[in-house]
Amino acid sequence: MDIQGKAWKYGSDIDTDVIIPARYLNDSSLEHLAAHCLEDLDEEFVDKMDEGDLIVAEDNFGCGSSREHAPLAIKAAGVSCVIANSFARIFYRNSINIGLPIMECPEAVAGIDEGDEVEVDVETGTITNVTKDEEYQAEPFPEFMQELISTGGLISYVNKTV
Amino acid sequence: MGMTMVEKILADHAGKDKVKAGELVNAKLDLVLGNDITTPVAINEFEKINVDDVFDQDRIAIVPDHFVPNKDIDSAQQVKQLRDFANDKGITNFFELGEMGIEHCLLPEQGLVGPGDIVIGADSHTCTYGALGALATGVGSTDMAAAMATGEAWFKVPETIKFVYNGQLQDWVGGKDLILYTIGDIGVDGALYKSMEFTGEVIDDLSMAHRMTMSNMAIEAGGKCGLIEPDETTLDYVEGRAQRDYKVYKSDEDAEYDQVIEYNVSEIEPQVAYPHLPENTRGISEVEDIRIDQAVIGSCTNGRLEDLRLAAEVLEGQKKADHVRLIVFPGTQEIYKQAMKEGIVETLIDAGAAVSTPTCGPCLGGHMGILAEGERAIATTNRNFVGRMGHPESEVYLSNPAVAAASAIAGEIVSPKEVL
Ligand code: SF4
């Protein structure tokens, strides 16, 4: 899977409420979720980002409720990958299940500045900062999770096995 | 090197002799749970899977509890979708109004969860059943959908933090105070990805209700689960209820822990968590002049019979302050009935409480007790996030049932000692 784009940087404890506010959960269509992605954190996010861009954040990304609408909104907005120091557990799980690549790599978070051009190899866990000509190494996903992500998420994966 | 409880449960359900923290396994599930908010999304995902039937009609529990009795047309539609799905698939554990309760009070009471089970629920407080020695954890709707089709789920084997509670509990201190104190100590991501194991002489002496309160809030520390080793107390509770065989797992003496944290509970007084995070805790003696508009007693954290008994003990022969709305919502119909038999409901009503049918209602700001702008509540629930019980500019303070009852009488947050 090819991941390449500009980085948008945010801080710690970005909760699922600011990723997709509860007032928009009356409609779970992807276009609707995408349109309001990160709205309460950065009102301009959806307008300024390009398809394929990445989110780079600090600790405990996606904390709060178990709403799956949060990773869905990020994926539907066109974000190709989220890199953070750490993720809240249910968000992590939901992301893998819906096929949103996420990486835990404090080195990358420290090294990448907003606007840097970044490439990610999901298979090896290698993150390349093209702008700065630096490389960071995240723990690669275990084979099973890679397969989940590349098949397009848990439902597609289950469909291959049932 | 030995294994922790959670490693043993996962190994057995994955058909392995041994697993280690960090490893990914595919495990068989004993029960899959969903409520009226998360199940509709799960049903939509389930329909994309190439199967017609659920993996086991008796191992899925669907509990409409959040907006029930249906608070508006949208919630009525959602519950209808659940009911139709349950009928269509022959799901035996669909709990209709009149039988339903708050999911995490209901399932243990009905014997649907037992020691050693693996349970996933599309609700973050599924971790409550850790009190029975089950590996129970919250997931999203897609996990629920896949689990309903296959009866399996993938897990990363978590590391374990062991908490040891020793000493003598002070008056009016219970499971709620221990867990609030713990979250105050380690923070809302203090147990991120990890299994919490609650141990020590104090836990040995706790009743099941207090244990469930503790496990319930493991998620508020970021934990995957909050386990307590089954003992006599657990087996007494489970006997006569369990609808399936169960198995007791205990951590080995030489199991590897990520951390061991010890507390001397003799120093812990009743705790209050200030807005807007459960980690903002302080002892009741440090709480000053917090006038309240509403006191809420109930929820999956503190809606059990013992919790209502505690509240009634404080409220007996007393009246709530004029400016306070006191709302009590029992966890299940069984708890409600028992509370009537024991005269608890009458005591509460005489004290000025509105006693509601079982529902999540006020806990998530759904219905049955929403706060207006600038209002404050003391609640025995588990979350005090911004806007959790209503208006974004309202406030929720978390406490145990005795403190909430005492505060209803005083009209401000106080210790039970001050009103008795
Ligand atoms: S009582 Fe509150 S925390 Fe518990 S399941 Fe219901 S909404 Fe969630």
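Keep in mind that the numbers below use all heavy atoms, side chains included, and drop hydrogens, waters and symmetry copies. We name chains A, B, ... by the order of the sequence lines, and we start the count at 1 in each one.
- Considering only residues two or more places apart in sequence or on other chains, A:Lys48 meets the salt bridge (Lys or Arg N to Asp or Glu O under 4.0 Å) condition with A:Asp42.
- Here A:Glu107 pairs with nothing under the side chain to side chain donor-acceptor pair (under 3.5 Å) rule; sequence neighbours left out.
- Interface residue B:Leu192: only side-chain heavy atoms are found under 4.5 Å from chain A.
- Among the candidates B:Gly222, B:Gly138, B:Pro158, B:Ala122, the residue making the largest number of heavy-atom pairs closer than 4.5 Å to chain A is B:Gly138.
- Residues of residues 108-117 of chain A never come closer than 4.5 Å to chain B when only heavy atoms are counted.
- Options B:Val51, B:Leu24, B:Ile49 differ in how many heavy-atom pairs under 4.5 Å they form with chain A, and the most are formed by B:Ile49.
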Extract the chain A to chain B donor-acceptor pairs under 3.5 Å, no hydrogen or angle test applied.
from: A:Glu68; atom 1: OE1; to: B:Ser141; atom 2: N; distance (Å): 2.8
from: A:Glu68; atom 1: OE1; to: B:Thr142; atom 2: N; distance (Å): 2.8
from: A:Glu68; atom 1: OE1; to: B:Thr142; atom 2: OG1; distance (Å): 3.4
from: A:Glu68; atom 1: OE2; to: B:Thr142; atom 2: N; distance (Å): 3.3
from: A:Glu68; atom 1: OE2; to: B:Thr142; atom 2: OG1; distance (Å): 2.2
from: A:Phe87; atom 1: N; to: B:Tyr193; atom 2: OH; distance (Å): 3.4
from: A:Phe87; atom 1: O; to: B:Tyr193; atom 2: OH; distance (Å): 3.0
from: A:Arg89; atom 1: NH2; to: B:Thr137; atom 2: OG1; distance (Å): 2.7
from: A:Arg89; atom 1: NH2; to: B:Gly138; atom 2: O; distance (Å): 2.5
from: A:Arg93; atom 1: NE; to: B:Asp143; atom 2: OD2; distance (Å): 2.7
from: A:Arg93; atom 1: NH1; to: B:Trp154; atom 2: O; distance (Å): 2.8
from: A:Arg93; atom 1: NH2; to: B:Asp143; atom 2: OD1; distance (Å): 3.3
from: A:Arg93; atom 1: NH2; to: B:Trp154; atom 2: O; distance (Å): 2.6
from: A:Asn94; atom 1: OD1; to: B:Gly140; atom 2: N; distance (Å): 3.3
from: A:Asn97; atom 1: OD1; to: B:Trp154; atom 2: NE1; distance (Å): 3.0
from: A:Asn97; atom 1: ND2; to: B:Asp143; atom 2: OD1; distance (Å): 3.1
from: A:Asn97; atom 1: ND2; to: B:Asp143; atom 2: OD2; distance (Å): 2.6
from: A:Glu104; atom 1: OE2; to: B:Tyr193; atom 2: OH; distance (Å): 2.4
from: A:Asn159; atom 1: OD1; to: B:Asn50; atom 2: N; distance (Å): 2.6
from: A:Asn159; atom 1: OD1; to: B:Asn50; atom 2: ND2; distance (Å): 3.2
from: A:Asn159; atom 1: ND2; to: B:Lys48; atom 2: O; distance (Å): 2.9

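- The shortest non-hydrogen separation linking B:Ala146 to A:Val158 is CB-CG2, 3.9 Å.
- For the pair A:Ile155 and B:Ala145, the tightest heavy-atom approach, listed with the atom from each and the gap, is CD1-CB, 4.2 Å.
- For the options B:Val139, B:Val188, B:Ile219, heavy-atom pairs under 4.5 Å to chain A are most numerous at B:Val139.
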